[in-house]
Amino acid sequence: MSLSIGIHDLSFATGEFVLPHTALAAHNGTEIGKYHLGIGQESMSVPAADEDIVTLGATAAAPIIARHGAERIRTVVFATESSIDQAKSAGVYVHSLLGLPSATRVVELKQACYGATAALQFAIGLVQRDPAQQVLVVASDVSKYELDSPGEATQGAAAVAMLVGVDPALVRIEDPSGLFTADVMDFWRPNYREAALVDGHESIGAYLQAVEGTWKDYTEQGGRTLEEFAAFCYHQPFTKMAYKAHRHLLNYCGYDTDEAVIARALGHTTAYNRVIGNSYTASVYLGLAALLDRSEDLTGRPLAFLSYGSGSVAEFFAGTVVAGYREHLRTDANRQAIDRRTEVDYARYRDLHEWRFPTDGGDHATPEQTTGPFRLAGISGHKRLYQAR
Ligand code: COA
C-alpha cells in the first residue's frame with residue numbers, strides 16, 4: 001500500500017508593518033480601482049528594518065516546533081528568492097534560532113516563486129525513503145521592486161512553514177505532477193541588485209504558458225480531471241493573477257469561463273494574499289491556508305495547486321484534504337499575524353524600503369522596530385546577528 005504523505009501542519013508569519021494601497025495610490029495618482037480591482041490588492045506587508053527572511057521564517061516555524069517537537073525532523077529545507085547570503089543557507093540561522101538538533105541537514109533552495117514547491121516535493125521523497133522522519137519546509141520571501149515602478153504595487157513579505165510527514169493531518173499530496181520549464185527572462189535579480197527586475201506583462205504571459213504546459217503534462221501523466229477539484233490554489237503575485245490563470249486553464253480545456261464558476265473554484269484562496277501582497281515562494285501556500293481556514297468542510301476533497309516561478313519552472317499537482325483537518329488549523333493565529341501589523345504611511349514605507357546595511361564590514365545595529373519573537377539585531381564583520389526574544 002502506498003504511503004500517505006503530505007502537509008501535517010502549516011503556519012505563517014508576515015511583516016511588522018502594512019501599507020494600504022490607498023496610500024500608494026494617493027502618492028502616485030493612480031485610480032484606486034486599478035489596485036483594488038485591476039490587480040486585486042488591498043494592502044501589502046512591509047518588513048521592519050530588523051526583520052528579514054530568517055526572522056520571518058523562524059517566526060512561522062516556531063509554533064510548529066512548539067506543537068510537534070523536533071525529534072522527527074532531520075531535514076530543514078529553506079526556499080527563498082530573496083536570499084541574504086550567496087553561500088550560507090538562511091535555514092541554518094533558523095535552525096539555530098529554533099534550537100533544532102545538530103543531527104539535521106539544512107539547505108536553501110531557489111527557483112523564483114517555485115522554490116517552496118520543489119522543497120515540498122523533495123521533502124515527500126525523503127519521507128518516502130524513511131517514513132519515521134519529518135521535514136520542515138520553510139518558504140520565506142520579501143518581495144521588493146523599485147520605488148515608483150509598476151511592480152511597486154505588487155510587493156509584500158511573508159513566510160510559510162510546513163511540516164511534511166506520513167499520515168498528514170491537513171493535506172495528502174498526490175502523484176502525479178505536471179511539470180513545465182522554459183528559459184524566459186520575465187523576472188530576475190542579478191547578484192548586485194536588491195530589487196528584482198521584471199517585465200510584468202511578459203511574466204503574465206509566461207505564467208499562462210506554464211499553466212498550459214503543466215496541465216498538458218499533468219493529464220498525460222494520468223492526473224485527475226478538472227471537474228474533480230473542489231478548489232484551485234494558484235501562485236498569486238497579485239490575486240487577480242489567479243483569476244487570469246484559471247480563466248486561461250478553462251479556455252485551454254474548452255470550458256466556458258463563467259465568472260461565478262471561477263470565483264467558486266478559487267474559493268477563498270485569495271483572502272490572505274490580498275492583504276499581505278506578494279510573498280513569492282510562500283504565496284501559493286498562503287492561498288492554501290486561506291482556503292482551509294475559510295472554506296466549508298473540504299474533507300476528502302481534491303485540491304489543485306499551480307506553482308509558478310519566473311524564469312521559469314512550474315508544477316501542477318493535487319492534494320486531498322484529510323478527515324479531521326479542521327482541528328489542526330491555525331485560523332486564529334493566522335488572523336492575528338495579519339491583524340497585528342502596524343499601518344504605515346507612504347513616507348514611512350519609503351524609508352523602510354530604502355533602509356539597508358552599509359557594506360563596509362563595520363558594526364551596524366538595526367533600529368529596534370519589530371515586536372516579533374525574533375529580530376535581526378545588526379551586522380558585525382559582515383556577519384548578521386540574530387536575537388530570539
Ligand atoms: N479600475 C479597474 N481596473 C483597472 C483600472 C481601474 N481604474 N485601471 C487599470 N485597471 C486594470 C487593467 O485593465 C489591468 O487589468 P487586466 O490585466 O485584466 O487587463 C490591471 O488593472 C493592471 O493594469 P496594467 O495597466 O496592466 O498595470 P501595470 O502596467 O501597472 O502592471 C503588473 C501590472 C502586475 C504587470 C505590475 O504590477 C508588475 O509588473 N508586477 C510585478 C510582476 C508580477 O507580479 N508578475 C506576475 C507574474 S509572476
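Throughout, numbering of the chain's residues begins at 1 and tracks the sequence. Start at 1 and go down the list; that is how both ligands and their atoms are numbered.
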- Message: Please determine whether salt bridge (charged side-chain N to carboxylate O under 4.0 Å, His left out) holds for the pair Asp9 and Arg330, giving the CA-CA distance in whole Å, both sets of side-chain angles, and the decisive distance to 0.1 Å.
- Response: CA-CA 9 Å; Asp9 196 0; Arg330 297 178 177 274; 2.6 Å; yes
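- Both tests do not hold together for Arg389 against Phe374: distance to the six-membered ring centre under 6.0 Å, angle to the ring axis within 45°.
- Between Tyr280 and Phe187, the ring planes lie perpendicular to each other; the angle is over 60°, past the 30° to 60° tilted range.
- What sits closest to atom 40 (N) of ligand 1 on the protein, heavy atoms only, is Thr154 OG1, 3.1 Å.
- Between Phe229 and Tyr218, the two ring planes are tilted [angle within 30° to 60°].
- Using a 4.0 Å cut-off to heavy atoms of Gly200, the atoms of ligand 1 that qualify are 35 (C), 39 (O).
- Here is the list of ligand 1 atoms found below 4.0 Å of a heavy atom in Gly33: 1 (N), 2 (C), 3 (N), 6 (C).
- Here the protein heavy atom with the shortest distance to atom 38 (C) of ligand 1 is Gly151 CA, 3.9 Å.
- Considering all non-hydrogen atoms of both residues, Ala282 and Ala139 come closest at CB-O, 3.8 Å.
- Here the heavy atom of the protein found nearest to atom 18 (O) of ligand 1 is Lys244 NZ, 3.1 Å.
- Close contacts of ligand 1 with Glu31, meaning ligand atoms under 4.0 Å from a residue heavy atom, involve 7 (N).
- For atom 29 (O) of ligand 1, the nearest non-hydrogen atom of the protein is His201 NE2, 3.1 Å.
- No more than 12 heavy atoms of other residues, nucleotides or ligands shown are found within 6.0 angstrom of CG on Asp256.
- Among all protein heavy atoms, the one lying closest to atom 45 (N) of ligand 1 is Ser203 OG, 2.7 Å.
- For the residue pair Gln121 and Ile173, the shortest heavy atom distance occurs at NE2-CG2, 4.3 Å.
- Of all the atoms in ligand 1, the ones that sit under 4.0 Å from a non-hydrogen atom of Val198 are 42 (C).
- Ring centers of Phe232 and His246: under 6.0 Å apart, within the cut-off.
- Using a 4.5 Å cut-off between side-chain heavy atoms of Ile, Leu, Val, Met, Phe, Trp and Tyr, with links allowed through other members, Val127 and Phe305 fall into the same hydrophobic cluster.
- Residues Thr239 and Asn273 have side chains that never bring a donor and an acceptor to within less than 3.5 angstrom of each other.
- Remark: atom 42 (C) of ligand 1 lies closer than 4.0 Å to at least one protein heavy atom.
- What sits closest to atom 20 (C) of ligand 1 on the protein, heavy atoms only, is Gly38 O, 3.5 Å.
- Residue contact check: Pro150 has heavy atoms under 4.0 Å from atoms 30 (O), 36 (C), 37 (O) of ligand 1.
- Of all the heavy atoms of Phe238, the ones lying under 4.0 Å from any atom of ligand 1 belong exclusively to the side chain.
- What sits closest to atom 33 (C) of ligand 1 on the protein, heavy atoms only, is Ile39 CG2, 4.4 Å.
- Remark: ligand 1 atoms within the under-4.0 Å shell around heavy atoms of Tyr145 are 41 (C), 42 (C).
- Within the 4.0 angstrom cut-off, atom 2 (C) of ligand 1 has one or more protein heavy-atom neighbours.
- Summary of contacts: the protein heavy atom closest to atom 28 (P) of ligand 1 is Lys34 NZ, 3.5 Å.
- Interface atoms of ligand 1 facing Pro237, defined by a heavy-atom separation under 4.0 Å, are 44 (O), 46 (C), 47 (C), 48 (S).
- The side-chain hydrogen bond (donor to acceptor under 3.5 Å, both in side chains) analysis of residues 198-211, with sequence neighbours excluded, yields no pairs.
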